[in-house]
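One structure is given below, encoded as structure tokens.
Each ligand, and each atom within it, is numbered from 1 in the order the structure gives. These figures come from a predicted structure and were not determined experimentally. The first residue of the sequence shown is numbered 1, and numbering continues consecutively from there.
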Amino acid sequence: MTIALGADHGGYPLKEAIKKHLADQGYTVRDLGTHSTDSVDYIPYAAAAGKSVAAGESDLGILCCGTGLGMSIAANKIHGIRAACCADWFSAQKTREHNDANVLCLGARVTGEDAALTLVDVFVSTPFSGDERHARRIAQISALEK
Ligand code: RB5
């Protein structure tokens with residue numbers, strides 16, 4: 001599984017921790033920046049990771065900023081992206097099972113590193129349930145993009 005990572009300056013340290021955590025488990029990680037704590041706008045990083053997922057280059061994306069909110073708002077503008085900002089493992093699990101979310105957004109100033117890594121583990125290891133009712137609802141979400 002290939003996972004695209006993106007962050008702004010606020011999320012950079014968490015992105016680095018996630019990169020190591022995933023690589024240690026054998027995941028292929030596509031690090032799309034940023035690469036330091038110098039202040040940057042988060043939008044290009046949300047776009048890079050989101051487009052990588054939407055294009056099928058990456059299976060899932062993980063975006064980190066201060067709150068996770070700007071990243072999720074930006075990523076959800078990309079056709080085919082269902083980005084979920086999560087701060088608890090139950091939401092990270094259910095957004096895969098029910099929403100087939102393909103991007104997880106984390107707030108580095110909201111969620112501590114250990115907890116964030118747990119959310120990452122849950123997100124990348126939980127499949128979409130495939131239930132007809134959830135597929136129907138996702139199709140309705142996709143129809144909003146047209
Ligand atoms: C940057 O200061 C901060 O606004 C950003 O990381 C994020 O929280 C935006 O939603």
Item to complete: Look at atom 7 (C) of ligand 1 and say which protein heavy atom is nearest, naming residue and atom and giving the distance to 0.1 Å.
Response: Cys65 SG, 3.4 Å
Practice prompt. Quick one: look up the protein heavy atom nearest atom 1 (C) of ligand 1 and list residue, atom name and how far away it is.
Written response: His9 NE2, 3.7 Å
Item to complete: Would you check whether Gly70 has a nitrogen or oxygen atom less than 3.5 angstrom from a nitrogen or oxygen atom of ligand 1?
Response: yes
Worksheet item: Is it true that the side chains of Thr118 and Asp121 contain a donor and an acceptor less than 3.5 Å apart?
Response: no
Worksheet, complete the sentence: A student checking ligand 1 against Asp8 at a 4.0 Å heavy-atom cut-off should list atoms 1 (C), 5 (C), 6 (O)
Worksheet entry | Cation over ring face, Arg96 and Phe123, 6.0 Å, 45° | yes
Worksheet item: How far apart are the closest heavy atoms of Gly70 and Cys65, and which atoms are they?
Response: N-SG, 4.1 Å
Practice prompt. Flag Gly66 as yes when one of its N or O atoms lies below 3.5 Å from any N or O atom of ligand 1, and as no otherwise.
Written response: yes
Discussion item. Between Asn99 and Thr95, is there a side-chain donor-acceptor contact under 3.5 Å, judged purely by atom types and distance?
Written reply: yes
Worksheet item: How does Arg109 reach ligand 1, by side chain, by backbone, by both or by neither, if only non-hydrogen atoms under 4.0 Å count?
Response: side chain
Item to complete: Give yes if a backbone or side-chain nitrogen or oxygen of Tyr42 is under 3.5 Å from a nitrogen or oxygen of ligand 1, and no if not.
Response: no
Discussion item. Taking Glu132 first and then Arg136, would you say they form a salt bridge - that is, a charged N and a carboxylate O separated by under 4.0 Å?
Written reply: yes
Worksheet item: Side chain or backbone of Thr67 under 4.0 Å from ligand 1, or both, or neither, by non-hydrogen atoms?
Response: both
Fill in: Test applied, side-chain contact (heavy atoms from CB on, under 4.5 Å); reference residue, Leu60; option that passes from Val124, Leu5, Val103
Val124
